[in-house]
Enquirer: 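Pasting a structure here, questions to come.
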Amino acid sequence: METPISYRDSWVEIDLDQIAQNVRNMKAYIGDDRKLMAVVKANGYGHGALEVARTALAAGAEWLGVALLDEALALRRGGIKAPILVLGWIRPEYAPLAAECGIAVTAFQLDWVLRAGALCRSEKPLSIHLKLDSGMGRLGTRKETETKTVVREIMAAPALRLEGLFTHFATADETDLDYFQQQYNRFLKMCSWVGEVAGAPSLIHCANSAAGLRFPEKAFDLIRFGISMYGLAPSEEMKPSLPFSLKPAFSLYSRLTHVKQIDRGEGVSYGAEYRAKGKEWIGTVPLGYADGWLRQLARDGSVLVEGERAPIVGKICMDQFMIRLPRKVAIGTKVTLIGRDGDEEISIDDIARQLGTIVYEIPCMIHPRVPRVYFKEQEMTGAENDVLREKIVKKSRNPKNFGEYL
Ligand SMILES: *Cc1c(COP(=O)(O)O)cnc(C)c1O
């Protein structure tokens with residue numbers, strides 16, 4: 001028997017072909033003049049940063065975007081050579097490390113620029129993307145003199161290189177476009193301030209998935225493609241008008257660890273609030289709120305077993321929850337929490353709606369202790385178990401037998 005990558009019976013499957021398809025569709029849609037940045041922050045929105053990065057680059061993405069310097073360094077350690085931009089703020093004392101590793105960073109503060117300029121070496125200049133706050137109110141310069149002063153200092157520092165200029169929209173996924181238009185006009189004006197001091201940097205960018213899908217013509221040189229690379233619509237409002245169909249890549253599965261029949265009136269789980277209405281078959285699923293399967297999902301929640309919906313009954317525990325089965329089924333039967341089983345499907349959108357939140361949160365909240373398994377052309381190509389800190393690559397296997405393998 002082969003050593004399993006994980007000894008538990010719950011796992012996430014990532015279909016890398018779907019991600020590749022989303023990247024290829026977006027590339028074809030935005031045209032050859034615009035570059036595509038695959039945003040793989042937060043472990044690739046929970047999908048696995050390294051696997052997604054490799055897949056996106058092979059499918060035509062030119063850049064990678066992350067939130068943290070740690071995430072950029074992890075990609076470099078994983079052998080990624082493509083350009084990477086850290087979209088968040090880093091400490092100026094880490095600027096030389098970023099420069100050394102060929103990682104571009106976001107800057108916008110005068111003191112930061114002076115400090116980083118003094119610390120970096122001109123033989124290894126630091127690539128900077130200047131962040132302009134056109135209305136997101138998060139990071140970036142806002143005023144004309146502030147912006148021009150920062151740009152002048154970047155230009156004056158031999159160890160700093162102004163490579164890009166960017167902003168981020170607050171409402172690009174909404175039906176009402178007033179605020180978006182205001183931000184866009186403000187960004188144009190702010191770019192002209194920079195142009196007056198420095199000429200145009202080589203990469204101007206403003207579009208996330210929402211803006212890129214709706215207004216590719218407004219996206220300048222590069223689109224920062226996050227949520228829709230993972231096959232998810234940025235908002236409900238945008239769903240009817242997507243330019244191509246998005247292919248989700250994330251599924252969540254488990255296997256029943258226990259099946260039993262209980263009698264009318266008998267309780268299930270903490271608080272014993274759930275009581276059987278008659279004789280009922282109850283299954284135990286080995287996944288709980290510590291895995292990101294939040295307690296709130298017990299309210300009207302269900303999973304799929306043998307192609308049928310099985311309601312969650314009783315409270316969700318830290319590592320387990322119970323379901324009411326349509327009939328007696330075998331221990332080890334597959335349970336679909338997110339994904340398709342026969343004619344039934346539970347999508348990330350369904351879970352987000354149920355929790356009253358956005359789709360972004362759902363794959364991010366599925367904890368790393370749930371192993372990630374990667375598929376390409378129907379074959380398993382790798383797996384990660386964060387608890388045992390094990391990773392395998394290029395281990396092909398018939399997916400039908402995959403559960404046994406886990
Ligand atoms: C996360 C992020 C993106 C990607 O946004 P999506 O809506 O997921 O496409 C783009 N730009 C910045 C600055 C980000 O932080």
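Read the numbers this way: they start at 1 and go in the same order the structure lists the ligands and their atoms. Atom set for the values below is all heavy atoms of this structure, side chains included, hydrogens, waters and symmetry mates excluded.
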Enquirer: Please could you name the atoms of ligand 1 that Lys41 approaches to less than 4.0 Å, counting only its heavy atoms?
Expert: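 Those of ligand 1 that fall under 4.0 Å from Lys41 are 1 (C), 2 (C), 3 (C), 14 (C), 15 (O).
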Enquirer: Taking heavy atoms and a distance under 4.0 Å, where does Arg224 meet ligand 1: side chain, backbone, both or neither?
Expert: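 Contact part for Arg224 vs ligand 1: both backbone and side chain.
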Enquirer: Decide whether an N or O pair under 3.5 Å exists between Tyr360 and ligand 1.
Expert: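 N/O-N/O distance under 3.5 Å: yes.
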Enquirer: Can you find a pair of side-chain heavy atoms, one from Ile14 and one from Val373, that are under 4.5 Å apart?
Expert: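 Of all side-chain heavy-atom pairs linking Val373 with Ile14, none is under 4.5 Å.
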Enquirer: Could you tell me whether the side chain of Pro83 reaches within less than 4.5 Å of the side chain of Leu64, counting heavy atoms only?
Expert: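 No - every pair of side-chain heavy atoms lies 4.5 Å or more apart.
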Enquirer: So for ligand 1, is Gly226 a polar contact partner (N or O within less than 3.5 Å, distance only)?
Expert: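 In this structure, Gly226 places an N or O atom under 3.5 Å from an N or O of ligand 1.
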Enquirer: Looking only at non-hydrogen atoms, find the nearest pair between Ser228 and Ala233 and report the distance.
Expert: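 Scanning both residues completely, I find the closest heavy atoms to be OG-CA, 4.4 Å.
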Enquirer: Taking only residues two or more places apart in sequence or in another chain, which ones pass salt bridge (Lys or Arg N to Asp or Glu O under 4.0 Å) with Asp319?
Expert: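 Asp319: salt bridge (Lys or Arg N to Asp or Glu O under 4.0 Å) contacts with Arg369.
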Enquirer: Please identify which atoms of ligand 1 are closer than 4.0 Å to at least one heavy atom of Tyr45.
Expert: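 Checking each atom against Tyr45, I get 1 (C), 4 (C), 5 (O), 6 (P), 8 (O).
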Enquirer: Look at the aromatic rings of Phe166 and His129 and report parallel, tilted or perpendicular, splitting at 30° and 60°.
Expert: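 Phe166 and His129: perpendicular rings.
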Enquirer: If we check side-chain contact (heavy atoms from CB on, under 4.5 Å) with Glu384, which of these qualifies: Glu390, Arg389, Glu51?
Expert: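 Exactly one candidate clears the test, Glu51.
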Enquirer: How far apart are the C-alpha atoms of Phe321 and Tyr289, what are their side-chain angles, what is the distance that settles it, and do they pass the ring-ring contact (aromatic ring centres under 6.0 Å, His included) test?
Expert: CA-CA 9 Å; Phe321 67 93; Tyr289 61 75; over 10 Å; no
Enquirer: I need the contact type for Met229 against ligand 1. Using non-hydrogen atoms and a strict under-4.0 Å cut-off, is it side chain, backbone, both or neither?
Expert: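 Met229 to ligand 1: no contact under 4.0 Å from either part.
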Enquirer: Quick one: look up the protein heavy atom nearest atom 9 (O) of ligand 1 and list residue, atom name and how far away it is.
Expert: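 Going by distance alone, atom 9 (O) of ligand 1 is nearest to Ser209 OG, 2.5 Å.
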Enquirer: Taking the non-hydrogen atoms of Arg138, is any one of them nearer than 4.0 angstrom to ligand 1?
Expert: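 Checking ligand 1 against Arg138, which is what was asked, there is a heavy-atom contact under 4.0 Å.
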Enquirer: Is it the case that ligand 1 has an N or O less than 3.5 angstrom from some N or O of Phe225?
Expert: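 Phe225 vs ligand 1: no N/O contact under 3.5 Å.
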Enquirer: Quick one: does Ser228 get an N or O within less than 3.5 Å of an N or O on ligand 1?
Expert: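 Between Ser228 and ligand 1, no N or O pair is found under 3.5 Å apart.
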